[in-house]
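Below: the structure, in structure tokens.
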2 protein chains.
Amino acid sequence: MIDLKKICLDKGLRMTGQRITIADIITELGGHPAGHPDVNLIYLKASEKDKNISIATVYRTVKLFEEYGVIEKHDFKDGRSRYEPIQESNHDHLIDIESGDVYEFSNSEIESIQKKIADELGFELVDHRLELYGKKINK
Amino acid sequence: MIDLKKICLDKGLRMTGQRITIADIITELGGHPAGHPDVNLIYLKASEKDKNISIATVYRTVKLFEEYGVIEKHDFKDGRSRYEPIQESNHDHLIDIESGDVYEFSNSEIESIQKKIADELGFELVDHRLELYGKKINK
DNA sequence: TTACTTGCAAATGCTTTGCGAGCCG
DNA sequence: CGGCTCGCAAAGCATTTGCAAGTAA
């Protein structure tokens with residue numbers, strides 16, 4: 001598993017106590033369906049480890065991590081922004097509309113069709129967003 | 001072209017002057033690349049026709065139209081919500097990252113792959129979001 | 001030391017809502 | 001008439017920011 005704290009240090013980021021706390025939380029949650037925490041969840045978990053941490057610091061830190069390419073931000077349909085550790089390979093998301101859990105997938109076929117569509121419309125594909133929203137079958 | 005005013009009347013919505021103004025504006029913009037207006041643009045155009053209209057009314061009206069299935073709301077990566085008249089067939093969007101213009105497309109192949117992916121993950125596909133962000137080639 | 005960080009509270013930007021006045025059917 | 005709408009201003013929410021005090025390197 002990726003260790004955000006280490007990556008941040010390697011990138012020369014000054015790692016304060018608060019930043020270590022936040023990096024650890026995102027690292028711990030990463031990869032699990034219940035990962036992709038929003039700022040509020042990170043703030044709640046951070047408060048358990050450091051009762052003085054401010055939510056403003058969480059906002060500033062996730063923004064910083066994002067700018068340094070350490071984490072990635074997603075805006076699913078539930079309003080608040082959610083974050084996950086950066087990964088080597090791109091992937092898209094399937095969101096469980098009942099639990100909010102997030103599953104990752106990637107499909108090269110879709111990717112190439114996307115490029116083709118953009119090309120046909122006269123565009124260079126710069127970015128994309130693909131999210132599937134689903135309900136779990138036979139729970 | 002779809003006429004929102006007519007659709008609203010058919011659905012039994014009380015069409016006040018403000019609602020007619022807003023329906024007409026969305027109808028006029030519909031289908032064009034510069035369509036998909038946000039609330040502020042609708043408000044500005046509405047103000048030209050009715051200088052007393054309130055932005056609160058625009059918010060209330062687009063929400064009402066959306067609830068009645070007359071228009072559809074999209075949240076692209078630019079923050080504000082954007083609206084378009086409902087259409088018979090589903091489609092996805094390519095957004096010009098420089099102008100904000102929106103182009104529509106649909107691709108049945110992608111759709112079937114999406115269903116397959118959801119199925120493999122144990123989900124029934126309820127909704128999806130596919131947006132391409134591109135830069136115009138050789139302008 | 002010294003520039004970078006933090007906590008706090010105030011300020012955003014977009015959207016919603018309470019209220020009293022006004023309008024549609 | 002009577003309930004639905006409207007304009008206005010205040011309230012909400014998630015997020016950002018100014019400032020003075022605190023801290024990592």
Side-chain angles (χ1 to χ4, degrees), chain A residues 4-26 36-68 70-83 100, chain B residues 4-5 8-26 36-68 70-83 100:
Chain A
L4 291 187
K5 188 175 13 176
K6 194 170 174 319
I7 297 175
C8 290
L9 285 168
D10 290 349
K11 297 214 177 205
L13 262 174
R14 184 197 276 193
M15 289 308 279
T16 63
Q18 292 91 332
R19 288 180 185 175
I20 291 172
T21 298
I22 293 166
D24 284 347
I25 288 167
I26 300 175
H36 303 79
D38 59 24
V39 164
N40 196 52
L41 178 59
I42 297 171
Y43 171 61
L44 291 178
K45 289 202 168 288
S47 298
E48 292 171 10
K49 302 189 181 190
D50 171 1
K51 64 182 182 333
N52 289 316
I53 202 166
S54 157
I55 197 165
T57 296
V58 179
Y59 273 107
R60 277 190 277 237
T61 303
V62 293
K63 193 175 201 181
L64 180 81
F65 285 179
E66 198 196 351
E67 285 163 1
Y68 272 74
V70 174
I71 64 177
E72 215 175 332
K73 169 171 146 178
H74 299 290
D75 293 288
F76 301 142
K77 291 196 174 182
D78 52 15
R80 58 252 152 80
S81 291
R82 300 168 63 157
Y83 298 85
Chain B
L4 292 188
K5 188 176 13 177
C8 290
L9 285 168
D10 290 349
K11 297 214 176 205
L13 263 174
R14 184 197 274 193
M15 291 307 278
T16 63
Q18 293 90 332
R19 290 180 183 175
I20 292 173
T21 298
I22 292 167
D24 284 347
I25 288 167
I26 299 174
H36 303 78
D38 60 23
V39 164
N40 196 52
L41 178 58
I42 297 171
Y43 172 61
L44 290 178
K45 288 202 170 289
S47 297
E48 292 171 9
K49 302 189 181 188
D50 170 2
K51 63 181 181 334
N52 289 315
I53 202 165
S54 157
I55 197 165
T57 296
V58 179
Y59 273 106
R60 277 191 277 239
T61 303
V62 293
K63 192 176 203 182
L64 181 81
F65 285 180
E66 198 196 350
E67 285 163 0
Y68 272 74
V70 174
I71 64 177
E72 214 174 332
K73 169 170 145 178
H74 299 290
D75 293 288
F76 300 141
K77 291 196 173 182
D78 52 14
R80 59 252 153 81
S81 292
R82 300 168 63 159
Y83 299 85

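To find a chain, count down the sequence lines: A is the first, B the second, and so on, and within it residues start at 1.
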A:K5 and A:D24: CA distance, side-chain angles, deciding distance, salt bridge (Lys or Arg N to Asp or Glu O under 4.0 Å) verdict: CA-CA 7 Å; A:K5 188 175 13 176; A:D24 284 347; 3.6 Å; yes

Atom [atom1] of [X] and atom [atom2] of [Y]: how far apart are they, to the nearest 0.5 Å?
X	Y	atom1	atom2	value
B:E72	B:I26	CD	CD1	12.5 Å
B:D38	B:I42	CG	CD1	7.0 Å
A:I20	A:I25	CD1	CD1	12.0 Å
A:H36	A:L41	NE2	CG	12.5 Å

Between [atom2] of [N] and [atom1] of [X], the distance in whole Å:
X	N	atom1	atom2	answer
A:Y83	D:dA14	OH	C1'	10 Å
A:L44	D:dA14	CG	P	12 Å
B:K63	D:dC6	NZ	P	15 Å
A:Y43	C:dT6	OH	P	14 Å
A:K73	D:dT16	NZ	C1'	11 Å
B:Y68	D:dT5	OH	P	8 Å
A:L64	D:dT16	CG	C1'	15 Å
A:I22	C:dT6	CD1	C1'	11 Å

Stretch residues 6-20 of chain A: residues that reach within less than 4.0 Å of DNA chain D through a heavy atom: A:R14, A:M15

Contact list for DNA chain D against residues 47-60 of chain B - heavy-atom distance below 4.0 Å: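 Of all residues in residues 47-60 of chain B, the ones placing a heavy atom under 4.0 Å from DNA chain D are B:N52, B:I53, B:S54, B:A56, B:T57, B:R60.
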
Main-chain N/O of B:F76 paired to B:R82 side chain as donor or acceptor, under 3.5 Å: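 Looks like no, no N/O pair under 3.5 Å.
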
Donor-acceptor contact below 3.5 Å, side chain A:R19 vs main chain A:R14: yes

Heavy atoms from other residues, nucleotides or ligands near NZ of A:K77 exceed 12 (cutoff 6.0 Å): yes

Considering only distance and modelled atom types, tabulate donor-acceptor pairs under 3.5 Å from the side chains of residues 53-67 of chain B, sequence neighbours left out.
| from | atom 1 | to | atom 2 | distance (Å) |
| --- | --- | --- | --- | --- |
| B:S54 | OG | B:A56 | N | 3.0 |
| B:T61 | OG1 | B:T57 | O | 2.7 |

Distance below 4.0 Å between B:S81 side-chain N/O and C:dC14 OP1 or OP2: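 Checking C:dC14 against B:S81, no side-chain N or O comes under 4.0 Å of OP1 or OP2.
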
